Protein chains: 2
Amino acid sequence: MTTIKDVAKKAGVSVATVSRFLNDSGYVSSEAAKAVTAAVEELNYELNPVARSLNTKKSNLIGLILPDITNPFFPELARAVEDVALTYGYTVVLCNSDEDPEKEKNYIETLKKKYIAGFIVTSNQLDAPHYANANVPIVALDREINEKIPTVSSNNKEGAILGTNALLERGCRNVLFLRGPEELNPANDRYEGFMEAIQKSDVHYHVVTSPFHFAESQKIVERMLNDNPQIDGIFASSDVSAAGALKAANTVGKHVPNELQIVGFDGVAMGEMLSPGLTTIAQDVYKMGAVATRVLIKQIENKKIEQKFYEVPVKLVVRGTTRSVAE
Amino acid sequence: MTTIKDVAKKAGVSVATVSRFLNDSGYVSSEAAKAVTAAVEELNYELNPVARSLNTKKSNLIGLILPDITNPFFPELARAVEDVALTYGYTVVLCNSDEDPEKEKNYIETLKKKYIAGFIVTSNQLDAPHYANANVPIVALDREINEKIPTVSSNNKEGAILGTNALLERGCRNVLFLRGPEELNPANDRYEGFMEAIQKSDVHYHVVTSPFHFAESQKIVERMLNDNPQIDGIFASSDVSAAGALKAANTVGKHVPNELQIVGFDGVAMGEMLSPGLTTIAQDVYKMGAVATRVLIKQIENKKIEQKFYEVPVKLVVRGTTRSVAE
DNA sequence: ATATTATGTGTAACCGGTTACACATTGAAG
DNA sequence: CTTCAATGTGTAACCGGTTACACATAATAT
């Protein structure tokens, strides 16, 4: 392995000069620069990032902490983070936290020892001290951590309004809202949006809490549909729940979209594969990941960040679980 | 930050002794051990992995190279890799290759500079020199790289036989096989399995190549179903294709499973959410990832590996796209 | 003409560990 | 009573970079 010393020798300069040239720090004459360039080329020199890290206490690692990559929301996020990180020369470390604060803390400490450059975090441990005192650049994704940490999320409330109105415009008179877990910020924002939109109308509604879990949601919706046969619209605050609702409609024997219309939230690929295809409020998950990564890298590189909150727009994707709009 | 020197001073020994104690290498008297333990405890000392790496040219990073984490097959794999890696004290770096040899090569080189401990790779670049000459522990996942590299995969052929027979036992007389891309080993193994099983019967069959892509598969199956209305069974070599087939059946107006039975391959979560639920050959993806990781770590730690090939069993999961077996 | 400042370079300390080697002591073998 | 191996420890070189500092020269200011 060729080292900076080899380069220095070959170029006839000192290692300091080589290092200054490579890092574009301090003065380097053009002759020296040329000589070093040539030597680097000739020896095929590549800087050792570990040695550099040891000195600078920096690295180009980014930690991506999320509850579970298996949850269909996250792969696209991870993909975006990785893509953007790569273009800026960073490498992504994957951390599944299972929402466990201990695991999160562990990752943070383990990676800090490696001089990790920063973290992108999806967590509910809103004010956990291991974040507040992490002393490392962090960007919160999807869920807010605290006021000091920049946050990137979808415009959840706006999306919920959009979704609710989609049902209303299509003639629903009795809407069931499947709200997500109360400890999730995005779920709460969606709830707010739903309430705001539905209360502007004179439409009857029900709200039921349901985890973002297929079989659970199915069961809950089956019960609701049996108990309240007048329900003609369901707004689920996740696509997985919406899929459960669709399945429930099938087993209960309600035709979708004729007797019952369904709108989901998330825009995961699976929605398209259902029959009928799932109408949903699609989040631009990729964009969320990309924005978060760019914000993080700005932080890492000490550039100033324009805002503390970044809201990525959502949009209504109309497929088969809703009818066409009444004119 | 407390260093090994601080510990040495506090314990009244040399850094060499501390290091020997911490690494359990060389001789350390019990008094010295006790003193060091106490000093470590008191100073809250934690070893700096970067400094260690620089010396040992080793790290506890594992690279996970896969085409695209967004593909529903991979998140569970990644999860397994991470889980197992964590229990052995390794950290996972996520690398999306898009099947691009350049990207793969890049990752390998970038990470080798960081003294990465090893790679888990899902790639088609079967004999690419960057793997053959990587000079780093590697385990191939799902797809074989070359004879020298341990490989973990599902028992694809066996699975295909299972799936084909499932259709035959349920009375199908005209089966369409959606085979995957020819450059994919697993797809070929599944093809072999299908052929072996179908040719043992006197059932009529068609084989069509179809990418593991929902909309494409749907289109292909629609065409096939229109051209060959006698088709009464479809075996898709991926769940995504099966989902496309199911959708096609819907649009063409074939009732599943009464007029047409469908079996997929993979066992991704989405299968359950379809209506009717997808009967499929489920791979134990988590297990594949876990086994691969354990094999890799064995390699890294220079323990001997029992085998070069690890085949993880698959199983038939019966749901709604098939009828009950004729007695 | 002299004082400053800007430019350019090298030496050596340092980042925080590991380890080769030299040296000392102890116990067992011959 | 030697002799040699096993046990135990410290010094210092080393991993491959970065950078403070000292020093030299050229350019500009006074």
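The model shown is predicted, which means the values in this text are computed figures rather than measured ones. First the proteins, then the strands, lettered A, B, ... as listed; each starts at 1.
Looking at residues two or more places apart in sequence or on another chain, you find a side chain to side chain contact (heavy atoms under 4.5 Å, CB included) between Ile297(B) and Ile62(B), Tyr88(B), Tyr90(B), Thr293(B), Glu301(B). The side chain to side chain contact (heavy atoms under 4.5 Å, CB included) search around Pro137(A) returns Leu296(A), Gln299(A), Ile300(A), not counting sequence neighbours. Applying the side-chain hydrogen bond (donor to acceptor under 3.5 Å, both in side chains) test to Lys298(B) and every residue at least two apart in sequence or in another chain returns Glu306(B). Under the rule for a side-chain hydrogen bond (donor to acceptor under 3.5 Å, both in side chains), the partners of Lys103(A) that lie at least two apart in sequence or sit in another chain are Asp98(A). Partners of Asn23(A) by side-chain hydrogen bond (donor to acceptor under 3.5 Å, both in side chains), not counting sequence neighbours, listed by chain and number: Ser19(A), Arg52(A). In terms of the side-chain hydrogen bond (donor to acceptor under 3.5 Å, both in side chains) criterion, Asp189(B) has no residue partners (sequence neighbours excluded). Taking Lys287(B) as the reference, nothing meets the salt bridge (charged side-chain N to carboxylate O under 4.0 Å, His left out) condition, with sequence neighbours excluded.
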Scan the side chains in residues 68-78 of chain B for donor-acceptor partners under 3.5 Å anywhere in the protein, sequence neighbours excluded, and list what turns up.
unit_1   : atom_1 : unit_2   : atom_2 : d
Asp68(B) : OD1    : Arg79(A) : NH1    : 3.1
Asp68(B) : OD1    : Thr70(B) : N      : 3.0
Asn71(B) : OD1    : Phe73(B) : N      : 3.0

Can you give me every donor-acceptor pair (side chain of residues 35-47 of chain B, partner residue at least two apart or in another chain, under 3.5 Å) with its distance?
unit_1   : atom_1 : unit_2    : atom_2 : d
Thr37(B) : OG1    : Ala33(B)  : O      : 2.6
Glu46(B) : OE2    : Lys113(A) : NZ     : 3.2

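On the nucleic acid side, DNA chain D has its first and last nucleotide under 4.0 Å of a heavy atom of chain A at dG16(D) to dT19(D), going 5' to 3'.
For the helix from dA1(C)-dT30(D) to dG30(C)-dC1(D), the axis fitted to the five pairs at one end and the axis fitted to the five pairs at the other end meet at an angle of 40° (nearest 10 degrees).
The stretch residues 10-38 of chain A comes close to DNA chain D through Ala16(A), Ser19(A), Asn23(A), each having a heavy atom under 4.0 Å from the strand.
Without hydrogens or angle criteria, Asp266(A) side chain to Val268(A) main chain gives no donor-acceptor distance under 3.5 Å.
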